[in-house]
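Throughout, residue positions are numbered sequentially from 1 according to the sequence presented. Model, not experiment: these values are computed from the prediction.
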Amino acid sequence: MASLLFCGPKLAACGLVLSIWGVVMLAMLGIFFTTHSAVLIEDVPFTEEDIHNQQSPLQGVYDLYNKVGYNCFIAAAIYVAIGLLSFCQVRLNKRKEYLVH
(Lines give C-alpha, C1' and ligand atoms only; values in the text may rest on other atoms or scores of the structure.)
Protein backbone atom coordinates (compact mmCIF):
# COMPACT_ATOMS: atom_id res chain seq x y z
CA MET A 1 0.00 0.00 0.00
CA ALA A 2 1.39 3.38 -0.97
CA SER A 3 1.87 5.86 1.83
CA LEU A 4 1.06 9.53 1.61
CA LEU A 5 3.78 10.25 4.15
CA PHE A 6 6.61 12.25 2.57
CA CYS A 7 7.74 14.51 5.44
CA GLY A 8 9.38 13.55 8.70
CA PRO A 9 7.87 14.64 12.00
CA LYS A 10 10.22 17.60 12.51
CA LEU A 11 9.78 18.97 8.99
CA ALA A 12 6.00 18.62 9.25
CA ALA A 13 5.93 20.42 12.60
CA CYS A 14 8.18 23.18 11.26
CA GLY A 15 5.94 23.60 8.22
CA LEU A 16 2.90 23.85 10.46
CA VAL A 17 4.46 26.52 12.68
CA LEU A 18 5.71 28.57 9.73
CA SER A 19 2.31 28.31 8.04
CA ILE A 20 0.50 29.60 11.10
CA TRP A 21 2.94 32.50 11.36
CA GLY A 22 2.64 33.26 7.64
CA VAL A 23 -1.16 33.26 7.71
CA VAL A 24 -1.30 35.64 10.68
CA MET A 25 1.32 38.01 9.27
CA LEU A 26 -0.03 38.10 5.71
CA ALA A 27 -3.64 38.45 6.83
CA MET A 28 -2.68 41.45 8.98
CA LEU A 29 -0.69 42.97 6.12
CA GLY A 30 -3.64 42.43 3.78
CA ILE A 31 -5.95 44.19 6.22
CA PHE A 32 -3.55 47.11 6.61
CA PHE A 33 -3.04 47.46 2.86
CA THR A 34 -6.77 47.39 2.09
CA THR A 35 -7.38 50.08 4.75
CA HIS A 36 -4.70 52.21 3.02
CA SER A 37 -2.29 52.46 5.94
CA ALA A 38 0.08 55.39 5.44
CA VAL A 39 2.96 53.52 7.06
CA LEU A 40 3.04 51.02 4.17
CA ILE A 41 3.33 53.63 1.39
CA GLU A 42 6.92 52.54 0.71
CA ASP A 43 5.71 49.05 -0.19
CA VAL A 44 3.19 50.22 -2.79
CA PRO A 45 4.68 49.92 -6.30
CA PHE A 46 3.86 53.27 -7.87
CA THR A 47 6.00 55.58 -9.98
CA GLU A 48 6.03 59.30 -10.62
CA GLU A 49 4.29 58.67 -13.95
CA ASP A 50 1.38 57.03 -12.12
CA ILE A 51 0.84 60.22 -10.16
CA HIS A 52 1.14 62.66 -13.09
CA ASN A 53 -0.79 60.70 -15.76
CA GLN A 54 -4.09 60.32 -13.97
CA GLN A 55 -6.97 62.68 -13.24
CA SER A 56 -7.13 61.47 -9.64
CA PRO A 57 -3.66 60.33 -8.55
CA LEU A 58 -4.85 59.49 -5.05
CA GLN A 59 -7.37 56.98 -6.42
CA GLY A 60 -4.60 55.33 -8.43
CA VAL A 61 -2.50 54.91 -5.30
CA TYR A 62 -5.52 53.50 -3.45
CA ASP A 63 -6.04 50.99 -6.27
CA LEU A 64 -2.42 49.90 -5.92
CA TYR A 65 -2.92 49.54 -2.15
CA ASN A 66 -5.90 47.27 -2.81
CA LYS A 67 -3.96 45.16 -5.33
CA VAL A 68 -1.14 44.60 -2.85
CA GLY A 69 -3.67 43.79 -0.12
CA TYR A 70 -5.39 41.19 -2.32
CA ASN A 71 -2.00 39.66 -3.12
CA CYS A 72 -1.36 39.33 0.61
CA PHE A 73 -4.70 37.57 1.07
CA ILE A 74 -3.89 35.18 -1.79
CA ALA A 75 -0.51 34.39 -0.25
CA ALA A 76 -2.20 33.80 3.13
CA ALA A 77 -4.58 31.33 1.44
CA ILE A 78 -1.59 29.47 0.00
CA TYR A 79 -0.09 29.33 3.48
CA VAL A 80 -3.38 27.87 4.77
CA ALA A 81 -3.15 25.10 2.16
CA ILE A 82 0.47 24.35 3.07
CA GLY A 83 -0.48 24.40 6.76
CA LEU A 84 -3.22 21.84 6.14
CA LEU A 85 -0.75 19.66 4.26
CA SER A 86 1.73 19.94 7.13
CA PHE A 87 -1.00 19.12 9.65
CA CYS A 88 -1.88 15.98 7.69
CA GLN A 89 1.78 15.00 7.67
CA VAL A 90 2.01 15.49 11.46
CA ARG A 91 -1.03 13.26 11.93
CA LEU A 92 0.36 10.58 9.59
CA ASN A 93 3.67 10.62 11.44
CA LYS A 94 1.92 10.16 14.78
CA ARG A 95 -0.11 7.29 13.36
CA LYS A 96 3.06 5.70 12.00
CA GLU A 97 4.52 5.61 15.52
CA TYR A 98 1.74 3.28 16.66
CA LEU A 99 1.93 0.84 13.75
CA VAL A 100 3.65 -2.49 14.26
CA HIS A 101 5.97 -3.49 11.47
Side-chain angles (χ1 to χ4, degrees):
M1 180 174 157
S3 174
L4 297 175
L5 184 63
F6 57 86
C7 290
K10 292 178 184 175
L11 179 63
C14 179
L16 187 61
V17 169
L18 288 177
S19 294
I20 292 170
W21 175 75
V23 168
V24 170
M25 187 188 93
L26 286 168
M28 290 178 65
L29 274 174
I31 290 169
F32 294 143
F33 273 114
T34 55
T35 57
H36 311 138
S37 177
V39 176
L40 298 172
I41 189 69
E42 295 175 353
D43 297 319
V44 177
F46 68 92
T47 61
E48 293 290 327
E49 297 157 356
D50 293 335
I51 294 174
H52 296 299
N53 290 342
Q54 296 179 358
Q55 294 288 344
S56 175
L58 192 58
Q59 186 60 38
V61 172
Y62 284 165
D63 290 341
L64 289 172
Y65 262 109
N66 288 335
K67 285 181 185 178
V68 174
Y70 294 147
N71 286 341
C72 288
F73 289 133
I74 291 168
I78 292 171
Y79 268 99
V80 166
I82 292 173
L84 289 173
L85 180 69
S86 296
F87 178 73
C88 290
Q89 292 298 305
V90 167
R91 296 292 300 230
L92 287 172
N93 277 309
K94 285 189 180 203
R95 189 175 74 171
K96 182 183 172 191
E97 291 175 5
Y98 297 115
L99 293 177
V100 177
H101 296 285

Out of curiosity, Ile82 CD1 to Ile20 CD1, how far, rounded to the nearest 0.5 Å? 13.0 Å

Would Leu18 end up clustered with Leu85 when hydrophobic side chains under 4.5 Å apart are linked, directly or stepwise? no

Please find the pair of heavy atoms, one from Ala75 and one from Leu26, that lie closest to each other, and give the distance. CB-CD1, 3.6 Å

Hydrophobic clusters here meaning ILVMFWY residues chained together by side-chain heavy-atom distances under 4.5 Å, can you tell me if Phe46 and Leu29 are in one? yes

To the closest 0.5 Å, what do you measure between CD1 (Ile31) and OG (Ser37)? 12.0 Å

If you take all heavy atoms of Ala12 and Asn93, which pair is closest and at what distance? CB-ND2, 4.2 Å

Hey, does Asn71 have a side-chain heavy atom less than 4.5 Å from the side chain of Phe33? no

Looking at residues at least two apart in the chain, or sitting in another chain, which of them share a ring pair (Phe, Tyr, Trp, His ring centres under 6.0 Å) with Tyr62? His36

Determine, using the 4.5 Å side-chain heavy-atom cutoff (strictly less than), whether Val44 and Leu58 are members of one ILVMFWY cluster. yes

Under 6.0 Å from the CZ atom of Phe73, do we count more than 12 heavy atoms belonging to anything else shown? yes

Give me the one residue out of Asp63, Val61, Val68 that meets side chain to side chain contact (heavy atoms under 4.5 Å, CB included) with Tyr65. Val61

Under 4.5 Å between side-chain heavy atoms, hopping through other hydrophobics if needed: is there a path connecting Val80 to Ile74? no

Can you see which heavy atom on Gly69 is nearest to which on Thr34, and at what distance? CA-CG2, 4.0 Å

Is the CE atom of Met25 crowded by more than 12 outside heavy atoms at less than 6.0 Å? yes

What pairs of residues pass the side-chain hydrogen bond (donor to acceptor under 3.5 Å, both in side chains) test when at least one of them lies in residues 75-90, not counting sequence neighbours? none

When rounded to the nearest 0.5 Å, the distance separating SG of Cys7 from CG of Leu16 is 11.5 Å

Rounded to the nearest 0.5 Å, the CD atom of Gln59 sits from the CG atom of Asn66 at a distance of 8.0 Å

For Ala76 against Val23, the heavy-atom pair lying closest together: O-CG2, 3.6 Å

